[in-house]
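Heads up, the thing below is written out as C-alpha cells.
Remember, it's a predicted structure, so these values are computed and weren't measured experimentally.
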Amino acid sequence: MTKWLVKTEPEECSIDDFAAAPEKSIPWDGVRNYQARNFLQQMKPDDRVFIYHSSCKHIGIAGVVKVVRAAYPDPKQFDEGSPYFDPKRSAEKPRWYAVDMQYDAKLPSLIPLEQLKTMPELQELALVKRGNRLSVMPVSEAQWEAIRGTRKNAQ
DNA sequence: GCCAACGTTGGC
DNA sequence: GCCAACGTTGGC
C-alpha cells in the first residue's frame with residue numbers, strides 16, 4: 001500500500017468536506033499536470049493520502065483520506081462547461097485522470113508548513129522544497145510515520 | 001496583492 | 001528542437 005499527499009485549496013475541497021460525509025466518496029479531478037497525473041494513475045484502492053491545505057490562512061497537513069476507486073478518465077476534460085475542459089481531448093483518447101477518495105481521519109491539529117519544513121525526515125519531500133508546484137506526490141513510509149508522529153498528533 | 005518559480009505554448 | 005512569452009501556482 002502506497003502513501004501519498006495531495007494539495008488542495010480548502011475553499012475548493014477541504015478535509016472538512018470529506019469529514020462531513022464520511023460514507024461518501026469525492027472525485028479527485030481537475031489535475032492538469034503530467035507528473036501529478038502519473039502519480040494519480042499509480043494510486044490503488046485503500047492507499048492512504050494526506051490532505052494538504054494550500055493558498056489559505058492555515059497552510060499545512062489537515063487529515064487523511066483513502067483511495068476508493070483507482071484512476072479513470074477525468075470526465076471534466078470533456079465537459080465544455082467545466083473550467084477543467086480540455087478542448088483537445090476526446091473520449092477515445094483521454095489525457096487526464098481522476099480517482100475517488102473518501103474520509104479516513106482528521107488530524108487532531110493541523111501540522112503547519114512551517115513545522116513540516118523543520119522536520120529532518122521531510123527534507124526530500126517535494127512539498128517542502130522551494131518553488132515546488134507538484135500537487136500529487138508519493139510519501140515514503142518513513143515520511144508518513146514522521147508526520148503522523150508529530151508531538152501534537154501522537155496517537 | 002506581490003512576485004518568484006515553474007510548466008506549457010507556439011513561432012521560428 | 002530552441003526558447004521567449006505567457007499563464008499558473010502558492011507562500012508571504
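Take A:Lys3 and apply the salt bridge (Lys or Arg N to Asp or Glu O under 4.0 Å) test, not counting sequence neighbours, and it matches A:Glu141. Checked against side-chain contact (heavy atoms from CB on, under 4.5 Å), A:Lys44 has the following partners two or more places apart in sequence or in another chain: A:Asp47. Contacts of A:Phe18 classified as ring pair (Phe, Tyr, Trp, His ring centres under 6.0 Å), with partners at least two apart in sequence or in another chain: none.
Under the ring-ring contact (aromatic ring centres under 6.0 Å, His included) criterion, no residue pair touches residues 52-71 of chain A, with sequence neighbours excluded.
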- prompt: Using a cut-off of 4.0 Å between protein heavy atoms and nucleotide atoms, how would you tag nucleotides 5-12 of chain C 5' to 3' with B, S and -?
  reply: --BBSBSS
Compile the donor-acceptor pairs under 3.5 Å between side chains in residues 25-32 of chain A and protein atoms, sequence neighbours left out, one pair per line.
{"unit_1": "A:Asp29", "atom_1": "OD2", "unit_2": "A:Lys76", "atom_2": "NZ", "d": "3.3"}
{"unit_1": "A:Arg32", "atom_1": "NE", "unit_2": "A:Tyr84", "atom_2": "O", "d": "3.4"}
{"unit_1": "A:Arg32", "atom_1": "NH1", "unit_2": "A:Asp74", "atom_2": "OD2", "d": "3.0"}
{"unit_1": "A:Arg32", "atom_1": "NH2", "unit_2": "A:Asp74", "atom_2": "OD2", "d": "3.2"}
{"unit_1": "A:Arg32", "atom_1": "NH2", "unit_2": "A:Tyr84", "atom_2": "O", "d": "3.0"}

